[in-house]
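Heads up: the structure comes next, in structure tokens.
Read the numbers this way: they start at 1 and go in the same order the structure lists the ligands and their atoms. Just so we're clear, the structure is a prediction, and the values are computed from it rather than from any experiment.
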Amino acid sequence: MNANTLRSIDVALGQRSYPVWIGSGLLREHGRWRAMLRGRHALVVSNSTVAPLYLPRIEAGLDGLQWSTFLLDDGEAHKNFANVGRALEALGRLGATRDACVVALGGGVVGDLAGFSAACWMRGIDFIQMPTTLLAMVDSSVGGKTGVNLPVGKNLAGAFHQPRAVIADIDALTTLPDREYRAGLAEVVKGAAIGDEAFFAWLEQHADALAARDSEAVIEAIARKVRYKAGVVARDETEQGERALLNLGHTFGHALETAGHYRSLLHGEGVAIGMLLAAQLSERLGMSGPADSRRLRRLLQALGLPVAIPPGMDAAPLLELMRLDKKNSAGQLRLILWRGVGRAEIVGGVGETAVLATLTAAIAGA
Ligand code: NAD
Ligand code: GLY
């Protein structure tokens with residue numbers, strides 16, 4: 001590939017630092033990532049949709065290793081403990097030793113489960129992320145949050161376990177359905193909205209190119225978002241403070257996703273609507289102005305993302321779902337709000353009346 005289009009961003013974590021490579025053709029550039037596999041064994045974790053498309057691109061790179069695959073059925077429902085058990089059994093059958101490596105080839109579901117399996121096998125072995133969705137490239141593959149869902153809630157079992165490298169080959173996006181692609185763009189907007197106004201302005205200028213999947217714009221957007229997230233992770237790896245900002249829009253978004261039984265909205269779509277609600281709540285609390293909310297709404301719409309609460313959802317049940325959020329403490333709502341584009345803040349003790357009024361106004365289309 002043209003070296004000029006390759007981006008390499010370091011997640012700086014001392015001896016556990018790792019590169020995120022972003023570019024075209026990277027899955028086939030075996031020499032680049034093969035050097036990251038230290039031992040004799042590799043388990044490729046993927047799913048029934050992604051493996052037929054992209055496993056052939058990496059197979060030759062695994063020559064000389066003892067390797068096998070563990071394939072999930074497609075879907076969030078399969079990010080569960082039973083499949084972690086099966087992945088660990090696959091590592092056992094492979095005879096994987098402590099220097100073995102798990103290769104996660106897929107979206108966030110595959111990456112989260114593969115990373116958690118790597119964290120569990122012999123108390124932690126290497127893993128490499130090969131994200132194939134935009135969401136995974138700009139968010140889930142970077143930062144070391146791994147885990148699975150439990151019947152009582154999403155992402156409730158997990159570990160911080162950083163990968164050895166992230167290989168984001170944008171060629172994989174050519175087969176990604178439009179809706180999934182746009183959901184990934186929401187996570188790009190999120191980074192800019194939280195802490196990088198210049199990036200937000202760049203997104204405004206390049207919204208058409210991004211909506212049309214122009215490669216140069218896509219690589220630049222991924223790189224900017226990853227650079228922003230890498231900085232946050234380097235400063236606060238285990239979310240003692242600043243990293244919580246990355247949840248802008250998530251408390252509203254999770255409530256919307258849950259109210260839709262995880263069928264009506266993709267995660268990124270919930271985040272898009274949730275970010276706008278967070279902006280509108282900030283406005284109601286006097287933290288930001290209407291121009292900030294308008295700017296966010298316009299960008300989300302230009303990228304083809306939803307901005308309205310889906311029909312049939314009511315304010316009170318949504319508030320009830322928000323009360324269950326992991327970030328709350330001592331029975332008080334703790335939300336990520338903003339003082340305008342690029343200036344997000346963690347705000348504790350948010351009054352439920354203002355939240356309810358924000359939801360009610362949004363449902364009424366005000
Ligand atoms: P996903 O992994 O379910 O992928 C979305 C869909 O796209 C799936 O049907 C998948 O099979 C398909 N797909 C993947 N790559 C493809 C390709 N190149 N071509 C065609 N189809 C392809 O969903 P996602 O949006 O990538 O990730 C969502 C998951 O990520 C959730 O479980 C969420 O909790 C998790 N997540 C984790 C973090 C983190 O920090 N660890 C952050 C955000 C989200
Ligand atoms: N996706 C939020 C985080 O990585 O912290």
inquiry  = Please list, in number order, the atoms of ligand 1 under 4.0 Å from a heavy atom of Tyr54.
reply    = 18 (N)
Nearest-neighbour protein heavy atom for atom 41 (N) of ligand 1, which is reported as residue plus atom name and distance = Lys145 O, 2.8 Å
task = Just jot down the ligand 1 atoms closer than 4.0 angstrom to any heavy atom of Thr175, in number order.
result = 17 (C), 18 (N), 19 (N), 20 (C)
inquiry  = Minimum distance, heavy atoms only, to atom 33 (C) of ligand 1: which one of Arg179, Lys79, Glu187 is it?
reply    = Lys79
ask   = Would you call the rings of Trp202 and Phe199 parallel, tilted or perpendicular if under 30° counts as parallel and over 60° as perpendicular?
value = tilted
query = Using heavy atoms and a threshold below 4.0 Å, how should the contact between Thr132 and ligand 1 be classified: side chain, backbone, both, or neither?
reply = both
request  = Run the salt-bridge test on Arg295 and Glu204 with the 4.0 Å N-O cut-off and return the result as yes or no.
outcome  = yes
note = Under 4.0 Å from one or more heavy atoms of Glu180, ligand 1 contributes atoms 5 (C), 6 (C)
ask   = Between Arg243 and Glu237, is there a side-chain N and carboxylate O pair less than 4.0 Å apart?
value = no
message = With the threshold set at under 4.0 angstrom, would you say Lys229 reaches ligand 2 through any of its heavy atoms?
response = yes
query = Is it true that Asp196 and Arg224 have a side-chain N and a carboxylate O under 4.0 angstrom from each other?
reply = no
Distance-only polar pair, side chains of Tyr262 and Glu76, donor-acceptor under 3.5 Å = no
Among Leu135, Leu173, Ile170, closest by any non-hydrogen atom to atom 25 (O) of ligand 1 = Leu135
Numbered atoms of ligand 1 (with element) below 4.0 Å of Asp74, judged on heavy atoms = 8 (C), 9 (O), 10 (C), 11 (O)
task = For Val50, counting its heavy atoms only, list the atoms of ligand 1 lying under 4.0 Å from any of them.
result = 13 (N), 14 (C), 15 (N), 16 (C)
remark   = re atom 35 (C) of ligand 1, the protein heavy-atom contact at minimum distance is Asp112 OD2, 3.3 Å
task = Between Leu266 and ligand 1, find which residue part has any heavy-atom pair under 4.0 Å and reply side chain, backbone, both or neither.
result = neither
query = Numbering the atoms of ligand 1 from 1, which are under 4.0 Å from a heavy atom of Asn47?
reply = 10 (C), 11 (O)
request  = Report yes if Asp139 has an N/O atom closer than 3.5 Å to an N/O atom of ligand 2; otherwise report no.
outcome  = yes
request  = Flag the pair His161 / Phe116 as yes when their ring centroid distance falls below 6.0 Å, and as no otherwise.
outcome  = no
message = Are more than 12 heavy atoms, taken from residues, nucleotides or ligands other than Glu59, located less than 6.0 Å from that residue's CD atom?
response = yes
ask   = Should you measure from each heavy atom of Asn155, which atoms of ligand 1 turn up under 4.0 Å away?
value = 34 (O)
key: Heavy-atom nearest option to atom 43 (C) of ligand 1, drawn from Val109, Asp139, Leu246   = Asp139
message = Would Trp33 and Ile58 count as a side-chain contact (heavy atoms from CB on, under 4.5 Å) here? Give the steps.
response = CA-CA 10 Å; Trp33 51 261; Ile58 67 167; 3.7 Å; yes
inquiry  = Under 4.0 Å between a side-chain nitrogen and a carboxylate oxygen: does that hold for Lys79 and Asp112?
reply    = yes
message = Quick check with a 6.0 Å cut-off and a 45 degree axis cone: is Arg7 positioned over the face of Trp21's six-membered ring?
response = no
ask   = Mind checking whether Lys190 has an N or O less than 3.5 Å away from an N or O of ligand 2?
value = no
